[in-house]
There are 2 protein chains.
Amino acid sequence: MIDPQQARTQVLLAANALFYQRGIQAVGMDAVRSAAGISLKRLYSLFPSKDALLIEVLKGWTAEWNEGVSLASSSATTPRDKLLAIYDFLDGWFRQDDFRGCAFINSFGELGAVSPDVAEIARGQKLAFQHYVASLVEELGGSPALAAQLAILAEGAQTTAAISGRPDAAFQARAAAEVLIRRELTA
Amino acid sequence: MIDPQQARTQVLLAANALFYQRGIQAVGMDAVRSAAGISLKRLYSLFPSKDALLIEVLKGWTAEWNEGVSLASSSATTPRDKLLAIYDFLDGWFRQDDFRGCAFINSFGELGAVSPDVAEIARGQKLAFQHYVASLVEELGGSPALAAQLAILAEGAQTTAAISGRPDAAFQARAAAEVLIRRELTA
DNA sequence: TTGCGTTGAGAACGGTCGTTCTCTATAGTA
DNA sequence: TACTATAGAGAACGACCGTTCTCAACGCAA
C-alpha cells in the first residue's frame, strides 16, 4: 500500500460505504482507517480532517449519481424516454440490498443544520438534478412546472423507498410522470 | 417548577425544538436540561435516557403532523379537497421560518441505520400517512396507485422544500396531484 | 428545634471520538 | 556498516457526552 493514489482510493471507498451504511457521526475515523487498511497517520496525511474526508465522499456520491443517471438515459433516444429512464434507474437502485436512501437526503438530515458545507453540497446536488430534468423537459417542449413536478416525484420516490421500504415507489413515480408528461404534450 | 406534568411538558418542548433545529446527536442532554430549565437529576427522573426522550419527542412529532393535516382538511368537505388540503398544509409549513424539513426524514437519515426504534417510528409515521391518503382516495373512487403517487408527491415536496429551499414545491406537488386526480376520475 | 426525606445544582465518572505524538522498524545512501 | 529520513502501529491527549453521584439546602412532622 505504497501508492498514494491507491491509498486515497481505498480510503474513499471505505468511507463511502461506511458513511452511507451507518451514518456519518456513527462512523469513527478509526473504523475508516481499519476498513481502508492503512495507518491513522497515513489517513490524516491524505485527508487533514474528518470534515475534509466527508466533503470528498460527498463529491464521490455526486459523481456516482451523475454516472448512474447518465448511464440509464444513454440507452434512451427521445427526451421523454430519457426522463422516464430516471425512474428506471431509481427502480434498480431501490432493489439493491445495500440501498439505504439518498445519501444527500440522509446527510442533510444528519448534518445539514450544523454544517453549512454539507447543506450546500446537498443543495447543489439537488439543484443540479433539477437542472438536468429541466433541460430534458425543455427539449420536450414542456413547462418549467412540469420539470419541477418530475423532480419532486423522483425525490418522493427516494424517501418512500428508503423509509417505508417500498421499492415500487419508483414504478409509481414513473407512472405519475408519464401521465404528467402526456398531459402537457397533448394539451 | 414543581408539577411533574409541567416539567415533563417543558422538557418535551425544549427537546422537540432542539432536536428538530440542530439534529439529535448534535444536541446534548445538558442543552435540553438548560433549555427546559430543570436540573439534570430531574431530567433523568422524567426520562430514563436520551433514547427514551427521543422516542417521546418522535411521538410528539407524529401528533403534531396528524393535527396539522387533520386541521387543514377539516375545512374541506369533499375527499378531493381534503387531499389537496394536504399540499396547502405543506405550503404553510414550508414558509415558516423554522422549517427544516420533515423531522422523520431527518431522523431517519441521521439514526435510521443505527437505531431500529427510530427507523420503525419513522416508517410507521410514513405508512400511517399513506394509509390516510389511501382512505381518502378510496372514498373518491380512485385506485391504490393514485394514492401511492399522491403520497410520493407529498414526500418529494418535503425534501425539495428542505434541501433545495424551494417552498413552492408544495404548490407544484398540488398542481401535479390535481392532474393525477382528474385523470383518474374522468377516465 | 431536631431529625429526616426530598430536591436542586453541578461535579465527577467512564467511554468515545477526532487528532496528535511517540517509538520502533525499515529502506536508502555513502 | 553507519546514518538518516520515512512510515507504520497504536498509545496518548483533550474534549465532549450520557449518566451517576455528592452534597448542601429545604420542607416538614413531632
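We name chains A, B, ... by the order of the sequence lines, and we start the count at 1 in each one.
- Protein atom CZ of B/Arg33 is 15 Å distant from nucleotide atom C1' of D/dC16, rounded to whole Å.
- In this structure, B/Ser45 reaches neither bases nor backbone, as no heavy-atom distance under 4.0 Å exists between it and the strands shown.
- A donor and an acceptor atom sit less than 3.5 Å apart, one in the side chain of B/Lys41 and one in the base of C/dG8.
- Summarising the geometry, the separation between CD1 on A/Ile24 and C1' on C/dG18 is reported as 15 Å, rounded to the nearest angstrom.
- When the nucleotides D/dG8, C/dG18, C/dT20 are ranked by their closest atom to the side chain of A/Ser39, D/dG8 comes out on top.
- A/Val32 comes within 4.0 angstrom of nothing in the nucleic acid, heavy atoms only.
- Here the straight-line distance linking atom CG of B/Leu53 with atom CG of B/Leu58 works out to 9.5 Å at 0.5 Å rounding.
- Between A/Phe94 and A/Phe99, the ring-plane angle classifies as tilted under the 30° and 60° cut-offs.
- Contact between the side-chain N/O atoms of A/Arg42 and the OP1/OP2 oxygens of D/dG8 is found at a separation under 4.0 Å.
- In B/Glu138, the CD atom is not crowded: 12 or fewer heavy atoms of neighbouring residues, nucleotides or ligands sit closer than 6.0 Å.
- Residue B/Leu46 contributes atom CG, which lies 15 Å from atom C1' of D/dT19 at whole-angstrom precision.
- To the nearest angstrom, P of D/dC17 lies 8 Å from NZ of B/Lys50.
- Heavy-atom nearest nucleotides on DNA chain C were determined for A/Ala26 and for B/Leu40, and the one closer to the 5' end corresponds to B/Leu40.
- Annotation: A/Phe171, atom CZ; neighbour count of heavy atoms from other residues, nucleotides and ligands within 6.0 Å does not exceed 12.
- Taking atom OH on A/Tyr44 and atom P on C/dC21, their separation rounds to 13 Å, with Å as the unit.
- A/Asp30 has its CG atom 9 Å from the P atom of C/dG18, to the nearest Å.
- Between the C1' atom of D/dC17 and the CZ atom of B/Arg22 lies a distance of 15 Å, rounded to the nearest Å.
- Between B/Gln25 atom CD and C/dT16 atom C1' there is a gap of 12 Å when expressed in whole angstrom units.
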